Colleague: 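Supplied in structure tokens, the structure appears directly below.
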Amino acid sequence: MINKNKEYDCIIIGGGPAGMMAAIGAVNRGKKVLVIEKNQQLGKKLLLTGDGRCNLSHLEKNNKDFVKNFGTKGDFLLSPFSIFGPRETFDFFEKERLALNIENDGRVFPKSNKSKDVLITLKKMLEGVDILYGKNVKVINVENGIIKSILLHDDSELKSKSYILCAGGKSFPSTGSDGSGFSLAKSVGHTIVNPVPGLVPIKIKQKWVKKLMGITMKDVAITFYANSKKIIRDRGSILFTHFGITGPIILNASNELGKHIAKKITIEVDLFPDKNVDDLKKEIFTLIGENKNKKIKNIFEVYFSEKLLLAILNFCEIDCNKKAREIKKDDILRMCNFVKKVELEFESLESFEISMATNGGVSLNEINSKNMRSKIIKNLYFAGEIVDLIGKTGGYNLQMCWTTGYVAGNSC
Ligand SMILES: Cc1cc2nc3c(=O)[nH]c(=O)nc-3n(C[C@H](O)[C@H](O)[C@H](O)COP(=O)(O)OP(=O)(O)OC[C@H]3O[C@@H](n4cnc5c(N)ncnc54)[C@H](O)[C@@H]3O)c2cc1C
């Protein structure tokens, strides 16, 4: 139980990664801190991160390279990162005896590979912080540009000198982040850049894609066009699902696609990005010439998994049981053209229910990047996903939460 008459220095709304880090920053400065969390537990989403392993940051050469993973808005983070960037975050956790492991691709995890160990470490550091569980902040009372008090859903009123809004975005609402933070920010005059799902699979219009469910295309090049203008090109693996496509390059692309959803988006997948179409044709005809009596499906095993090959042959109307010498030249040419340019049409982004981050949020123009303070309300700060920043997959988003949480908690 907390004492409702206690005068806090800082009330933090939301007990996710950003809120916990903000609380640690503030309590370490001797502040009287209260965290209000609508769930009965802290860090519900944190526990799900990295498939339960918690990819908590990413090793990059320097902060400039790091913030590039947030697209054109990333420069906003240069100032907070100069105060508490990835290096400081690694030191922070390791000082608390949470050993970290940097994988070959730069992703950083706790050595134990357990997100619960990250949560345990943070909770240990919350000693001295009051925590109110199962309470939903529903109103922020402002007078003359200053927050006077907040109201909980049971109408009880709480007061503090400053407030940090860390209520997350709209992604994965089952964890508590249902967009109420955006409503609270808007109610005190902040602009909310239209939130759309980010780091999310995409739905494809063509129905035949459903037949590819479960198939992975490895090391392909993918190009996205918005109203025929090229907007993204990337390379990696794509996994077909029952509604469309996913995989790290698709999740990352979804962040950029979020800006273009009103346009007609088309997609081209090149299954042989290192070969031009003429070289591929030559290579395939040579292969066929050397294996005239083999079944076509056995010849192409070198290129594709069986499931993918059957889907390609089916799509190109080539009988997979025919021998190589029985296949018409035109059919082979059609197949080569197809695998060099599989055309897909974007239907939509998948929903917030399964998106890993929110694309949009409290406008960066209204936040001071030096201290994460609102430029509209003097005693209000922001941290974490509620802010209009979204990074690629790979630990960038949690790092943004640690950084902005730390800076807000050390400024409030
Ligand atoms: C499945 C999944 C896997 C992910 N994996 C990774 C990963 O490996 N690496 C990575 O970098 N990122 C990952 N992310 C993204 C990462 O989890 C988020 O960036 C991060 O959790 C955002 O932290 P936050 O504190 O801003 O918000 P949240 O974690 O959403 O926390 C906000 C908290 O505020 C509470 N709250 C909301 N409104 C109110 C209110 N009105 N009153 C009181 N409390 C309120 C919510 O209950 C919630 O607990 C993943 C996301 C998902 C969904």
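Counting starts at 1 for both ligands and their atoms, in listed order. Please read these numbers as outputs of a predicted model, since none were measured by experiment.
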Colleague: Testing the 3.5 Å rule here: is there a donor-acceptor pair between the side chains of E103 and N55?
Modeller: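 Short answer, no.
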Colleague: Can you tell me which portion of C401 lies within the under-4.0 Å heavy-atom range of ligand 1? Options are side chain, backbone, both, or neither.
Modeller: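 For C401, only side-chain atoms sit under 4.0 Å from ligand 1.
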Colleague: Looking only at heavy atoms of K135, does any of them come nearer than 4.0 Å to an atom of ligand 1?
Modeller: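 So K135 counts as touching ligand 1.
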Colleague: I need the atoms of ligand 1 closer than 4.0 Å to a non-hydrogen atom of G176, numbered in the order shown.
Modeller: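 Listed by number with element, the hits are 37 (C), 46 (C), 47 (O).
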Colleague: Under 4.0 Å, heavy-atom basis, I'd like to know which part of K45 is in contact with ligand 1: side chain, backbone, both or neither.
Modeller: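 Only the side chain of K45 comes within reach of ligand 1.
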Colleague: Report the nearest protein non-hydrogen atom to atom 17 (O) of ligand 1: residue, atom name, distance rounded to 0.1 Å.
Modeller: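 For atom 17 (O) of ligand 1, the nearest protein heavy atom comes out as T49 CG2, 3.3 Å.
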Colleague: Does this structure show an ion pair linking D9 with K161, if we count only N-O contacts that are shorter than 4.0 Å?
Modeller: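 Looking at K161 together with D9, the answer is yes, because their closest N to O distance falls below 4.0 Å.
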Colleague: Is the shortest N/O to N/O distance between E385 and ligand 1 below 3.5 Å?
Modeller: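 Looking only at distances, the answer is yes, because the N/O contact criterion of under 3.5 Å is met.
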Colleague: Looking only at N/O atoms, are N55 and ligand 1 under 3.5 Å apart anywhere?
Modeller: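 N55 vs ligand 1: N/O contact under 3.5 Å present.
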Colleague: Quick one: does ligand 1 sit under 4.0 Å from the side chain of S180, the backbone, both or neither, non-hydrogen atoms only?
Modeller: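 Side chain only.
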Colleague: Quick one: do R53 and D51 make a salt bridge, cutoff under 4.0 Å?
Modeller: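 No, no charged N to carboxylate O under 4.0 Å.
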Colleague: For a salt bridge (Lys or Arg N to Asp or Glu O under 4.0 Å) check, start with the C-alpha distance between E37 and K135, then their side-chain angles and the critical distance, and finish with the verdict.
Modeller: CA-CA 6 Å; E37 168 53 56; K135 299 285 179 187; over 6 Å; no
Colleague: With no hydrogens and no angle check, do the side chains of N337 and K281 hold a donor and an acceptor under 3.5 Å apart?
Modeller: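 Side-chain D/A pair, N337 to K281: present.
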Colleague: What part of T175 sits under 4.0 Å from ligand 1 if we count only heavy atoms: the side chain, the backbone, both or neither?
Modeller: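 Looking at T175 and ligand 1, just backbone atoms fall under 4.0 Å.
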Colleague: Look at atom 42 (N) of ligand 1 and say which protein heavy atom is nearest, naming residue and atom and giving the distance to 0.1 Å.
Modeller: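 In this structure, atom 42 (N) of ligand 1 has V137 N, 3.0 Å as its nearest protein heavy atom.
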Colleague: Suppose we measure from atom 27 (O) of ligand 1 to each protein heavy atom; which comes out shortest, and what is that distance?
Modeller: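 Answer, as residue, atom name and distance: G168 CA, 3.4 Å.
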Colleague: Check each of R53, Q41, K38 against atom 36 (N) of ligand 1 and report the one with the nearest heavy atom.
Modeller: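 Of the listed residues, K38 has the closest heavy atom.
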Colleague: Using distance alone, decide if ligand 1 has a nitrogen or oxygen within less than 3.5 Å of any nitrogen or oxygen in G50.
Modeller: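 It does: an N or O of G50 is found under 3.5 Å from an N or O of ligand 1.
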Colleague: Between K44 and ligand 1, which residue portion shows a heavy-atom distance shorter than 4.0 Å: side chain, backbone, both, or neither?
Modeller: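 Within the 4.0 Å criterion, K44 makes no contact with ligand 1.
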Colleague: With backbone taken as N, CA, C and O and side chain as the heavy atoms from C-beta onward, which portion of C166 lies under 4.0 Å from ligand 1: side chain, backbone, both, or neither?
Modeller: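 Backbone only; the side chain of C166 stays clear of ligand 1.
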Colleague: Strictly under 4.0 Å, does any heavy atom of G181 approach an atom of ligand 1?
Modeller: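 For ligand 1, residue contact (heavy atoms, under 4.0 Å) with G181 is absent.
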Colleague: Just checking, any donor-acceptor pair under 3.5 angstrom between side chains of T241 and K210?
Modeller: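 Short answer, no.
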Colleague: Are any of the N/O atoms in L184 less than 3.5 Å from those in ligand 1?
Modeller: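 In fact, backbone or side chain, L184 has no N or O that close.
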Colleague: Is a donor from one side chain sitting under 3.5 angstrom from an acceptor on the other, for E385 and S177?
Modeller: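 The criterion, which ignores hydrogens and geometry beyond distance, is not satisfied for S177 and E385.
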Colleague: With a 3.5 Å cut-off and no angle check, do the side chains of D388 and S363 form a donor-acceptor pair?
Modeller: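 Not at all, the side chains of D388 and S363 share no donor-acceptor pair under 3.5 Å.
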Colleague: Are any of the N or O atoms of N136 closer than 3.5 Å to those of ligand 1?
Modeller: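 Yes, since at least one N or O of N136 sits under 3.5 Å from an N or O of ligand 1.
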Colleague: Can L46 be said to touch ligand 1, with heavy atoms closer than 4.0 Å?
Modeller: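 The answer is no, since L46 has no heavy atom less than 4.0 Å from ligand 1.
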Colleague: Just need the protein heavy atom nearest to atom 11 (O) of ligand 1, so name the residue and atom and give the distance.
Modeller: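 Of the protein heavy atoms, L398 N, 2.7 Å lies nearest.
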Colleague: Give me the one residue out of R233, K341, K230 that meets side chain to side chain donor-acceptor pair (under 3.5 Å) with T223.
Modeller: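 In the set R233, K341, K230, the residue that makes a side chain to side chain donor-acceptor pair (under 3.5 Å) with T223 is R233.
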Colleague: Charged N to carboxylate O under 4.0 angstrom, D331 versus R334?
Modeller: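 Result for this pair is yes, salt bridge flagged.
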Colleague: Any nitrogen or oxygen of G384, side chain or backbone, less than 3.5 Å from one on ligand 1?
Modeller: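 Between G384 and ligand 1 (N or O atoms, distance only) the closest approach is not under 3.5 Å.
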Colleague: With a 4.0 Å cut-off on heavy atoms, is S171 in contact with ligand 1?
Modeller: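 Per 4.0 Å heavy-atom rule, S171 does not contact ligand 1.
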Colleague: Check the surroundings of atom NZ in K114: do more than 12 heavy atoms from other residues, nucleotides or ligands lie under 6.0 Å from it?
Modeller: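 No, because the 6.0 Å sphere around NZ of K114 holds 12 heavy atoms or fewer from other groups.
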Colleague: We want to know whether E366 and T191 form a side-chain donor-acceptor pair, criterion being a heavy-atom distance below 3.5 angstrom.
Modeller: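 E366 vs T191: donor-acceptor pair found between side chains.
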